[in-house]
Amino acid sequence: MVVNDLLFELQTEELPPKSLSLLIKSLVTNIKAELTKSQLAYTSVTGYATPRRLAFIVRDLTEQQPNQSIERRGPALQAAYDSDGKPSKALTGFLRSCGLDNADLLENQETPKGTWLVYQQHKSGGNVRELISQIILKSLSTLPIDRKMHWGASRVEFVRPVHSLILLYGEEVLPTQILNCESGRTTVGHRFMSNGLINIKSSNDYVKVLKDNYVIVDFEERKTVISQQLAKVEAIENARVIIDPELLDEVTSLVEWPVALSGKFDAAFLSVPEEALISAMKSHQRYFHLVDLQGKLLPRFVTIANIESKDPNAVIKGNERVISPRLADAAFFYRRDQQTTLESNLERLSNVVFQAKLGTYLDKAKRIAHIAGFIAQQTGADASLAQRAGLLCKADLVSAMVGEFPELQGLMGGYYAEHDGEPTAVVLAIKEHYLPSFSGGELPTSAAGQAVAIADKLDTLTGLFGINQPPTGSKDPFALRRQTLGVIRICIQAELKLDIRETLAVAAGQHSPEFSTTAVYDYLLDRLGTWYQDQGIPGDTFNAVRFSHQVITNLADCDRRVRSIQDFRTQPQAEHLIAANKRVANILKKAGTIDAAIDTKLFQAPAEIALFAALGAAEKAMQTQQNGADQDYEAKCLTLAGLQSTIDAYFDEVMVMADEPAVRSNRLATLQKMRFLFLDIADFSLLQ
Amino acid sequence: MSVATFQDMILTLQRYWADQGCVLMQPYDMEVGAGTFHPATFLRAIGPENWKAAYVQPCRRPTDGRYGENPNRYQYYYQFQVMLKPSPENIQALYLDSLRHLGIDPLVHDIRFVEDNWESPTLGAWGLGWEVWMDGMEITQFTYFQQVGGLECYPVTGEITYGLERLALYLQGVEDFQQLIWSKSETATVTYADVFHQYEVEMSAYNFDYADVKALFAQFDFCEAETTRLLAASLPLAAYEFVMKASHAFNLLDARQAVSVTERQRFILRVRALSRGVAQAYFDSRKALDFPLADDATKQTFLQEVSSGS
């Protein structure tokens with residue numbers, strides 16, 4: 001079987017850096033899928049991507065599709081001929097669809113349902129030379145491109161204008177036309193450091209020839225080169241370069257030949273909050289910033305140039321000249337914002353719509369203040385501080401700085417609150433109220449910060465459920481999933497004494513007395529279950545807690561219960577006790593309502609007396625099993641585990657469904673007592 | 001040898017693009033936020049007609065005023081605008097050659113095309129392209145128009161917009177617009193500050209502090225009504241002048257922070273509706289003339305695949 005490597009390169013104008021790695025990954029995935037679909041075997045597909053090219057190499061691509069044999073089933077023999085023995089309509093139709101003139105090539109196939117006519121169609125496999133164009137076109141047409149474009153007077157569309165196309169199979173050019181380009185073996189190197197067209201003989205020299213022409217075609221290799229260069233800068237400057245992985249990806253997508261150059265800016269700018277300086281460097285200039293060994297921002301930056309300049313100092317000087325007015329702008333915004341207080345910004349917040357049906361950000365701020373105050377009261381924090389922070393937490397949305405750098409919202413509010421002379425707790429709460437800003441991200445640390453963070457999120461959550469816009473599988477524009485998880489994590493980590501159901505009701509009530517919290521509460525518990533599953537705690541453990549007699553109101557308490565149950569499941573007694581609970585649950589379900597009180601005089605077997613005594617003792621013990629103010633579920637579970645031998649003995653010796661009705665209901669009442677004792681913590685019958 | 005003065009730079013670019021077949025136009029004599037507003041770009045980008053033009057356009061962006069204190073941000077500055085329709089295959093190379101003509105050595109400087117897609121909500125227009133960076137500074141906007149005034153662009157216009165002052169900082173090796181040498185003769189050297197500094201300070205004050213908000217709102221309403229009236233009279237070019245005036249009044253109101261965020265969106269939509277009306281009326285007027293500047297093949301493709309113009 002003939003195999004050869006296939007090289008494809010589309011040489012384009014500069015591609016969008018934020019989607020470059022996605023584009024090449026998708027192209028490779030698509031090509032693999034199309035090759036597989038076409039039954040063209042290969043060993044591997046490697047993608048290459050630079051700002052000016054998308055390429056891939058298929059290793060050991062087979063030249064020929066296998067021959068195919070397809071069995072096609074026609075009409076039943078019975079239905080194939082009419083009474084005169086002439087082919088029926090069903091048969092002639094089938095023959096036509098097979099491209100046959102008569103039935104000579106059909107075979108009889110015996111089945112339990114009768115005899116059928118079948119045709120073994122043989123199709124010889126196609127050649128890669130004929131198939132490859134379609135495979136590539138299909139793969140290109142389903143790339144994830146946000147907006148395709150036209151150029152010139154052509155009607156062709158792609159992510160950016162396309163200039164040339166390489167398509168080599170071994171050393172042979174496979175002639176085709178894709179996106180108006182004739183395939184060939186030439187491309188271009190670096191835009192400035194290489195000259196004219198370069199020839200590629202085969203896939204084997206693609207990477208090397210391009211490197212000779214100052215292009216590192218492999219995305220990951222370029223990324224590594226940049227990382228190594230940044231490490232060198234760290235050594236020279238005796239400082240740390242902060243590498244944001246997203247920025248590294250973007251920068252890798254902006255260069256074909258990376259060269260790290262470091263520059264400096266006027267230290268006077270360090271009086272501006274460093275987050276603003278970092279944003280100016282990162283979002284406008286794609287610079288990496290440097291901090292000293294204590295983590296303090298240095299007046300330095302690193303840019304990744306796309307050239308080995310004849311005069312690197314000219315490039316550095318140029319970059320220094322750019323960053324200075326950028327930082328001057330940040331300083332200008334900072335000074336301008338400080339001329340008004342956050343409080344005086346509130347009026348302008350009434351012009352900013354939060355959500356058409358849920359009012360402006362001023363409305364939201366007032367609601368947050370109220371909810372945060374309620375939360376603070378519950379958790380024993382200072383309610384007036386939480387209210388103040390809640391009211392002011394959105395006021396930086398109308399500041400010039402946040403207008404320019406939206407990612408600084410909250411943070412800038414904190415700086416301005418400090419400048420306005422607000423209490424430290426208010427400053428901190430405003431700063432941290434967006435936390436956690438990503439899944440698994442840092443949580444607010446201050447009591448007021450926690451209150452405002454929860455209040456803000458629950459306001460959004462109850463509001464969107466209230467107007468019937470809950471998140472769906474694909475649509476979650478307000479990031480409700482992440483925000484709900486944020487509330488859960490804050491409550492649990494800070495062990496807040498907060499009734500979440502009541503808080504949801506307060507939050508919903510701020511929107512409208514009509515807004516129900518049933519669906520939101522269920523949504524929150526669903527997210528909580530998912531959160532546990534992500535930590536390896538199975539769904540039945542959480543469900544046992546969720547469907548116990550003790551409704552989940554305090555999330556921190558719920559967490560202690562879930563974790564105790566999870567521990568309990570590893571105990572040797574667990575299996576028997578779970579089985580006993582299942583058995584009792586079944587018995588009680590069949591028995592219906594049981595309202596008889598237990599009458600000790602009706603006990604007959606010693607095991608009955610023993611169980612009753614043990615249940616009484618356990619109940620009494622569990623009432624006092626506490627860790628400070630919190631329930632000690634671990635101790636309670638141990639107590640319950642201690643019941644195992646007594647319960648087992650009971651079922652060995654006692655027939656619950658006794659003939660005498662009084663004895664029977666007395667036994668059922670005893671079992672109910674036992675069941676309730678467990679149900680107070682969790683429904684153990686739900687554990688698998 | 002790099003170009004020594006601001007005015008020489010303009011002359012060099014004009015000469016270069018004239019040699020590429022561009023019609024050299026003069027600045028439009030009205031306040032605009034960008035060279036794109038000039039009818040030689042905005043209107044000529046519509047329909048199947050070919051067109052190549054280059055011109056200097058002073059631009060006013062009231063919110064960018066810094067009282068002359070920021071080294072490279074002014075509320076009034078110059079763009080050098082090139083529009084090539086259809087965009088030629090070698091448009092990037094043509095642009096880079098223009099930099100060489102200005103004395104920029106691309107083997108010294110780090111020149112890059114960095115994605116920056118353009119959208120003008122008021123013009124109902126968008127395009128894909130880049131800002132061109134030289135050593136990290138944005139010196140040019142480069143855009144392939146995809147839609148203008150709500151109409152699909154075919155053939156596609158390639159637009160190249162040089163920021164003249166920023167480019168001049170490099171060529172002259174200075175840090176601040178004010179230090180730029182505008183002209184130099186044996187007897188006198190005139191700087192950018194000599195020409196513009198006082199103007200920049202006064203206009204920043206006007207934009208931020210003195211512009212009469214009430215009168216500007218009234219002016220906006222008047223321009224809107226005029227545009228509608230002139231469109232009804234099938235006078236798209238006259239109507240377009242009032243769109244430009246309305247747009248500038250809105251920009252001033254924005255600088256005065258007189259427009260709330262919700263209102264802002266409404267104003268943008270109002271200007272956009274006017275731009276769309278003008279674009280359609282201009283298209284209709286050119287169609288009535290049978291698109292005199294179009295070549296046959298393009299015109300046929302346009303009518304069959306893009307728009308029958310109805």
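Every chain is numbered from 1, with letters handed out A, B, ... down the list of sequences. What's counted below: heavy atoms across the whole structure, side chains too, no hydrogens, waters or symmetry copies.
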Participant: Compare every heavy atom of B:Y154 with every heavy atom of A:A153, then report the nearest pair and how far apart it is.
Facilitator: O-OH, 2.8 Å
Participant: Would you please name every residue forming a ring pair (Phe, Tyr, Trp, His ring centres under 6.0 Å) with A:F333, sequence neighbours left out?
Facilitator: none
Participant: Write down the atom of B:W133, the atom of A:H284, and the distance for their closest heavy-atom approach.
Facilitator: CZ2-O, 3.5 Å
Participant: Taking every non-hydrogen pair under 4.5 Å, which of B:P155, B:P48, B:C153 racks up the most with chain A?
Facilitator: B:P155
Participant: Check each atom of A:P17 against the heavy atoms of chain B and say whether the ones under 4.5 Å are side chain, backbone, both or neither.
Facilitator: both
Participant: Go through the atoms of A:V255 and report whether side chain, backbone, both or neither lie under 4.5 Å from a heavy atom of chain B.
Facilitator: side chain
Participant: Provide the full list of salt bridge (charged side-chain N to carboxylate O under 4.0 Å, His left out) pairs with a residue in residues 140-149 of chain B, sequence neighbours left out, each pair given once.
Facilitator: none
Participant: Find the one option among A:K18, A:R191, A:H163 whose heavy-atom pairs under 4.5 Å with chain B are most numerous.
Facilitator: A:R191
Participant: Before you tell me yes or no, could you show the steps for A:F332 and B:R66 under side-chain contact (heavy atoms from CB on, under 4.5 Å), namely the whole-Å CA-CA distance, both residues' side-chain angles and the distance that decides it to 0.1 Å?
Facilitator: CA-CA 9 Å; A:F332 174 81; B:R66 297 289 184 270; 3.6 Å; yes
Participant: Heavy-atom pairs under 4.5 Å with chain B: which of A:D311, A:T360, A:L261, A:N306 has the most?
Facilitator: A:N306
Participant: Check A:Q285 against B:G136 and note the closest heavy-atom contact, atom names and distance.
Facilitator: NE2-O, 2.8 Å
Participant: Check whether the side chains of A:R147 and B:Q146 place a donor and an acceptor atom closer than 3.5 Å, and report yes or no.
Facilitator: no
Participant: May I ask you to list the residues in residues 105-112 of chain B that approach chain A closer than 4.5 angstrom, counting heavy atoms only, ordered by number?
Facilitator: B:D105, B:P106, B:L107, B:V108, B:H109, B:D110, B:I111, B:R112
Participant: Does any heavy atom of chain B fall under 4.5 Å from the side chain of A:S154, the backbone, both, or neither of them?
Facilitator: backbone
Participant: CZ of A:R155 to CZ of B:F302: how many Å apart, nearest 0.5 Å?
Facilitator: 9.0 Å
Participant: Tell me, for A:I304 versus chain B, whether the close heavy atoms (under 4.5 Å) come from the side chain, the backbone, both or neither.
Facilitator: backbone
Participant: Given a strict heavy-atom distance threshold of 4.5 Å, which part of B:T157 is in contact with chain A: side chain, backbone, both, or neither?
Facilitator: neither
Participant: Check for me whether A:R336 meets the cation-pi criterion with B:F208, that is, NZ or CZ under 6.0 Å from the six-membered ring centre and within 45 degrees of the ring axis.
Facilitator: yes
Participant: If you draw a 6.0 Å radius around OH in B:Y76, do more than 12 non-hydrogen atoms from other residues or ligands fall strictly inside?
Facilitator: yes
Participant: Under a 4.5 Å cutoff for heavy-atom pairs, which residue among A:D329, A:L254, A:T303 has the most contacts with chain B?
Facilitator: A:D329
Participant: Please classify the contact of B:N50 with chain A as side chain, backbone, both or neither, using a heavy-atom distance under 4.5 Å.
Facilitator: neither
Participant: Testing the basics here: between A:E13 and B:W130, what is the closest heavy-atom pair and its distance to 0.1 Å?
Facilitator: OE1-CH2, 3.1 Å
Participant: Report which part of B:E89 has an atom under 4.5 Å of a heavy atom belonging to chain A: side chain, backbone, both, or neither.
Facilitator: both
Participant: Show me the donor-acceptor pairs within less than 3.5 Å that the side chains of residues 312-321 of chain A make with the rest of the protein, sequence neighbours left out.
Facilitator:
from	atom 1	to	atom 2	distance (Å)
A:N319	OD1	A:Y287	OH	2.6
A:N319	ND2	A:V315	O	2.9
A:N319	ND2	B:D135	O	3.3
A:E320	OE2	A:K264	N	2.9
A:R321	NE	B:V174	O	3.3

Participant: Given the options A:E14, A:M193, A:R52, A:K310, which has more heavy-atom pairs under 4.5 Å with chain B than any of the others?
Facilitator: A:E14
Participant: Got a second to check how far B:E115's CD is from A:S19's OG, nearest 0.5 Å?
Facilitator: 6.0 Å
